[in-house]
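Written below as C-alpha cells is the structure these notes are about.
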2 protein chains.
Amino acid sequence: MTIGDIADLAGVSRSTVSRVFSRPELLNPATVARVRQVAERLGYVVNHAARALSTGRFGNIAVVVPDIANPFFPPLVRRVQARADREGYAVFLGDSDEVADREADLTQRLSAQVEGFVLASPRLDEDRIRELDIQRPIVLVNRDVEGLGRVLIDPSGGMDEAIAHLDRLGHQRVVYLSGPAESWSDQQRRQALATAAHSAGMDVIILELGRPSSEAGRDAVSGILSSGATAVIAFDDVVAQGVMSGLSLRGIDVPARMSVIGCDDTLASGTHPALTTISAASAAAGDAAAELLLAILRSGERESTRIVIPTHLVLRATTDVAPQQTG
Amino acid sequence: MTIGDIADLAGVSRSTVSRVFSRPELLNPATVARVRQVAERLGYVVNHAARALSTGRFGNIAVVVPDIANPFFPPLVRRVQARADREGYAVFLGDSDEVADREADLTQRLSAQVEGFVLASPRLDEDRIRELDIQRPIVLVNRDVEGLGRVLIDPSGGMDEAIAHLDRLGHQRVVYLSGPAESWSDQQRRQALATAAHSAGMDVIILELGRPSSEAGRDAVSGILSSGATAVIAFDDVVAQGVMSGLSLRGIDVPARMSVIGCDDTLASGTHPALTTISAASAAAGDAAAELLLAILRSGERESTRIVIPTHLVLRATTDVAPQQTG
DNA sequence: CTGAAAGCGCTAACAC
DNA sequence: GTGTTAGCGCTTTCAG
C-alpha cells in the first residue's frame, strides 16, 4: 500500500496524494476528499520511514528513566506521553536500570530516530549529557546542567519544614538514608538537609544506601538504631516504607520511638502509620518537561529554561509525637 | 554524516561501509577496523529511517497499556523493554488512559514504525485487535483472542483459595468490586469468583466501579457496608487500598469487622493491615510476552501460543479472623 | 491547484 | 572480499 497505488486509483499524481497527507490545505477540497476516500478504503498508512528519510523528522521523542518501577516515574512518563501524543509525537521509553552506561547506550541508539529527549533523573555524567544534547535537544528532570532545558524539584522548602517540625518535637539527631550516588536529587536532598539541620543545631548521620528499594530500607534499620537517632529521613517513600516495615518487625513503634519521613509523596496514605513526606509532584514535572521539549522542537532553538518546582512537607502520622526519652 | 562521507575518507565503497554496520563478518577485519575508526572519529550514527526504508524493518516494538501509573504495569513494561533491548529493539510506550479509541489511535499510528506490539490488558474490541494483528504481529497480555499470541494470568487458582479461606472463616456474603467494563481480567475474575462462590454456597454481590483507583475504592465503602457482606474482594490492590482507607475513616476495623482481599500483589506488605491478595506476577508476564513477540519476529510466523500463568492466594493480615457476628 | 522529476541515506542483488 | 547499480516510499522544488 503506497502513495503510488492510491495515485493510480484516484487518477491523480503521487505528489497530490502526498500533499493530501502532509499539506491538504494546498489542495482542492474535492481532490482531498476523493483521495482520502480511496486511501481509507485501501487501509493506507503513511510509511514513517520514507517520510522521515525525506524530511529528516521522525515525529518521535524519547523519555528515559532510571527505573520505571519506581513510583516516582510513571506519573511523569504518563504526562510526557499524553502531551507528546497531542502534538503528534510518538514516545520511546528507555529504562536504564539505574546504570549510567546503559543510559548512554539507550540514548545513543535512540538518538537516530528521535527529535529530542526527556531525561528524568539521569545517572549520566554531565559531559555525556552535553554531548548528547548536541545531537538532539534534551530536557532534564532533576538534574541541573547549565545551558539545557531543565525541570528541577527543589527539596529545600520541604526539608526546612521537615527539620523545623522535628526540631519543634525535640529531636536532636536524624539519619538520612541516601539514594544512588549518581543522583542529583540525592545530592540536593543531602545539601538541603545539611543546611536546615545546621541552622537548627541538629545532628545528621548519613547512611549510604545505593539503589532505592524497600529492601534497602529494611536492611538499614539496624544501622539506624545503632546511630542513636530518633528520626529518619529517607531518599524516597519506597525506602521509607522499607524502614517502617523493618522497624515494625522489631516491634519498634513509629512514631513513638522513631519518626520517619519520606520523599516524593508517592504512597499517599497507603502506609501505616501514614507516612509524612516531602512532596514532589512528578506529574507536574512531566508536564513541564514535555511542554519545554515541545517548545524547543517547535522553535528549533535550544532554550535553557530552568523551571523550579518547590516542595513542602506533607504532615502525616509518622511524625506525630515527640521522641521518647532514652539513656 | 553519511555512509558516503565515510566511504570517501576511508577509501572504500559505500557498500563496504554499509556492510561494516550490518554484516561485518563478511568483510576483511582490517577493512572493518579502518572504517570503524573513521566512522568513530566523525561521530557517525546510522540513519535509522534510511535503513528502515531500505530493509522494511524498523527495529522497534511498542508496548501499550491502559495506565502506566497503575502499579501492575510498570514491572511488565520494564521487562519488555529490557528483553527487547537485548535483542536490539527500541520500545515505544503507549498509554491509552483506559479508553479504547485512544488505544486504537495509538496502535494505528505506531503501526507505521514498529515490527510488533505487546498489548497489555487492551480495552479494544476483538475485531479491532484482529485487524491490527493483520498489519503487525500482536502479543496480548490478559486478553484471550484465538489465533494470537497471548499471556494470560488465570485468577481461578487464587480465587478458589480466597473463597475457601473466607468460607473456612465463616463468611457468607462477599462483595466484588469490579474493574473497567472492557477489561478481560475483570470478566475472568468475576467468573472465577462466581464459580468458586457457587460451589461454596456463598453469596456474591457485585458493585460496578469502572476505572480502578484508590478513590473509587474509598467511595464504594458505603455500598459495601449496606450490602451486609463481611468480606470484599477488589479488582486490584489499588482499589482494595482505597476500600481500607475508607473503612478506616469510618472506624471500621479490618479484619475484625470486614475482610479485604485485593488482586495483583502490587503493594506487598505496604498497607496496614497487610493486604491479602491474589498474586499476578506482572514481571513474569512481561518476560513471557516479550519472549513470545521476539520469537514471532525472529521466525516471521504468527504463533498462537497461549501461556497461562496460575495465581494463588497470598495470605496476609486483612483476612486473619472470622467475621464478627452482626444482626 | 496539480504534475514531473530529483533525491533523502541506506541495503541488496549482482558482478568482479 | 569489495564495488556497481538500483531502488525502498515519500516530500519537494520547479513548471505549468
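A, B, ... follow the sequence lines: proteins, then strands. Residue 1 opens every chain. Below, all heavy atoms of this structure are taken into account, side chains as well, without hydrogens, waters or symmetry copies.
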Donor-acceptor contacts under 3.5 Å from residues 23-43 of chain A side chains, at least two apart:
unit_1, atom_1, unit_2, atom_2, d
Asn28(A), OD1, Ala30(A), N, 2.8
Thr31(A), OG1, Asn28(A), O, 3.2
Arg34(A), NH1, Ala10(A), O, 2.7

Round to a whole Å and report the spacing from [atom1] of [X] to [atom2] of [N].
X	N	atom1	atom2	answer
Asp5(A)	dC10(D)	CG	P	9 Å
Arg57(A)	dC8(C)	CZ	P	18 Å
Asn47(A)	dC8(D)	CG	P	12 Å
Arg34(B)	dG1(D)	CZ	P	15 Å
Phe58(B)	dC8(D)	CZ	P	15 Å

Per-nucleotide protein contact along nucleotides 11-16 of chain D, 5' to 3', at a 4.0 Å heavy-atom cut-off (B base, S sugar-phosphate only, - neither), is BBB---
Exercise for the section: Between dG9(C), dC1(C), dC10(D), spot the one nearest the side chain of Thr2(B), thanks. Expected result: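 Closest nucleotide to the Thr2(B) side chain: dG9(C).
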- prompt: Taking the side chain of Leu53(B) as heavy atoms from C-beta outward, which of dG3(D), dT2(D), dC8(D) is closest to it?
  reply: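 Within the option list, the nearest is dC8(D).
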From Val80(B), Leu110(B), Val139(B), residue fulfilling side chain to side chain contact (heavy atoms under 4.5 Å, CB included) relative to Ile61(B):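 When Val80(B), Leu110(B), Val139(B) are each tested with Ile61(B), the side chain to side chain contact (heavy atoms under 4.5 Å, CB included) holds only for Val80(B).
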### Query
Would you call Arg298(B) and Glu87(B) a salt bridge, taking side-chain N to carboxylate O under 4.0 Å as the test?
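A salt bridge is present here (some side-chain N lies under 4.0 Å from a carboxylate O).
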Would you say the side-chain atoms of Thr107(A) pair up with the backbone N or O of Glu103(A), donor to acceptor, closer than 3.5 Å?
->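 Side chain of Thr107(A) to backbone of Glu103(A), a donor-acceptor pair under 3.5 Å: yes, one is there.
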Can you tell me which residue pairs pass the side-chain hydrogen bond (donor to acceptor under 3.5 Å, both in side chains) test with a partner in residues 42-51 of chain B, sequence neighbours excluded?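 Output for this query lists Gln113(A)-His48(B).
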(request) Go through Ser13(A) and Thr16(A) one step at a time and tell me if the side-chain hydrogen bond (donor to acceptor under 3.5 Å, both in side chains) criterion holds. (result) CA-CA 5 Å; Ser13(A) 75; Thr16(A) 298; 3.2 Å; yes
